[in-house]
> 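The structure that follows is given in the form of structure tokens.
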Amino acid sequence: MKFEMYHSCITVLNMDKSLEFYKEALGLEVVRTKEAEDGSWKLAFLGHEGGPCQLELTWYADRAEAYNLGDNEIHVGFRTDDYKAAHAKHEAMGCICFDNKEMGVYFIEDPDGYWMEVVPVR
């Protein structure tokens with residue numbers, strides 16, 4: 001028996017704002033969407049062409065308050081082939097929330113407070 005990870009899911013308060021952030025910050029495109037007939041929830045699966053893993057954004061119509069992310073130790077990691085340019089882009093966007101120069105990684109924060117780790121291809 002073999003398992004392969006194909007997506008990770010986070011819940012968001014504003015789907016449009018989140019889609020815009022992930023497109024600008026990480027180049028993620030909408031791969032597919034699904035929506036409840038009554039409009040109570042929406043899903044958007046984001047990814048890169050040919051990429052093996054997707055990020056699922058889930059939105060609920062009845063949710064108005066921010067999600068409790070606890071200590072925010074859970075994150076999704078992204079590799080980049082141009083770490084210096086990515087860092088400069090995210091610095092200009094103002095979304096770097098933790099820069100670990102010693103380890104050579106940094107984290108960006110999305111509109112809902114989720115952290116995404118950015119590492120160079122090694």
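Residues: numbered from 1 along the sequence shown.
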> Under 3.5 Å, side chain of Asp71 to main-chain N/O of Glu73, donor-acceptor pair present?
no
> Got a sec, which residues hit side-chain contact (heavy atoms from CB on, under 4.5 Å) with Glu117, two or more places apart in sequence or on another chain?
His75, Val105, Phe107, Val119
> Applying side-chain hydrogen bond (donor to acceptor under 3.5 Å, both in side chains), can you list everything that pairs with Thr11, at least two apart in sequence or on another chain?
Tyr114
> Just how far is it from atom CD1 of Ile108 to atom CG of Asp99, taken to the nearest 0.5 Å?
12.0 Å
> Membership question, hydrophobic clusters at under 4.5 Å side-chain separation (ILVMFWY): are Trp59 and Val76 in the same one?
yes
> Give a yes or no on whether Leu69 atom CG has more than 12 heavy-atom contacts from other residues, nucleotides or ligands under 6.0 Å away.
yes
> Flag the pair Pro111 / Val12 as yes when at least one side-chain heavy-atom distance between them is below 4.5 Å, and no otherwise.
no
> Check whether any side-chain heavy atom of Ile96 lies under 4.5 Å from a side-chain heavy atom of His87, and answer yes or no.
yes
> Please lay out, stage by stage, how Asp112 and Ser18 fare under the test side chain to side chain contact (heavy atoms under 4.5 Å, CB included).
CA-CA 8 Å; Asp112 291 283; Ser18 293; 3.4 Å; yes
> Is there a path from Ile10 to Tyr67 through hydrophobic residues (I, L, V, M, F, W, Y) whose side chains come within less than 4.5 Å of each other?
yes
> Linking I/L/V/M/F/W/Y whenever their side-chain heavy atoms sit closer than 4.5 Å, directly or via other members, would Val118 and Phe98 fall into one cluster?
no
> Treating Arg79 as the side-chain partner and Asp81 as the backbone partner, does any N or O pair qualify as donor plus acceptor under 3.5 Å?
no
> Enter the distance from Phe21:CZ to Leu26:CG here, rounded to the nearest 0.5 Å.
6.0 Å
> Could you list the residues that satisfy side-chain contact (heavy atoms from CB on, under 4.5 Å) with Glu56, not counting sequence neighbours?
His7, Cys9, Leu43, Phe45, Thr58
> Which residues pass the ring pair (Phe, Tyr, Trp, His ring centres under 6.0 Å) test with Tyr83, not counting sequence neighbours?
Tyr106
> Do the side chains of Tyr60 and Leu55 join up, straight or via other hydrophobic residues, at under 4.5 Å, putting them in one cluster?
yes
> If two hydrophobic side chains count as joined below 4.5 Å and joins carry through other members, does Trp115 share a cluster with Leu13?
no
> Could you state the interatomic distance from OG1 (Thr33) to CG (Leu57), rounded to the nearest 0.5 Å?
11.5 Å
> Please check if the side chain of His90 supplies one atom and the backbone of Ala25 the other of a donor-acceptor pair under 3.5 Å.
yes
> To the nearest 0.5 Å, how far apart are CE in Met116 and SG in Cys95?
11.0 Å
> Got a sec, which pairs hit salt bridge (Lys or Arg N to Asp or Glu O under 4.0 Å) with one end in residues 25-51, sequence neighbours left out?
Lys23-Glu29
> To the nearest 0.5 Å, how far apart are CG in Asp110 and SG in Cys97?
9.5 Å
> How many angstroms lie between NE2 in His48 and CZ in Phe78, if you round to the nearest 0.5 Å?
7.0 Å
> Sort and list the pairs that fulfil salt bridge (Lys or Arg N to Asp or Glu O under 4.0 Å) and have at least one residue in residues 84-98, not counting sequence neighbours.
none
> Heavy atoms only: give me the nearest Ala61-Gly39 pair and the separation to one decimal.
CB-O, 3.6 Å
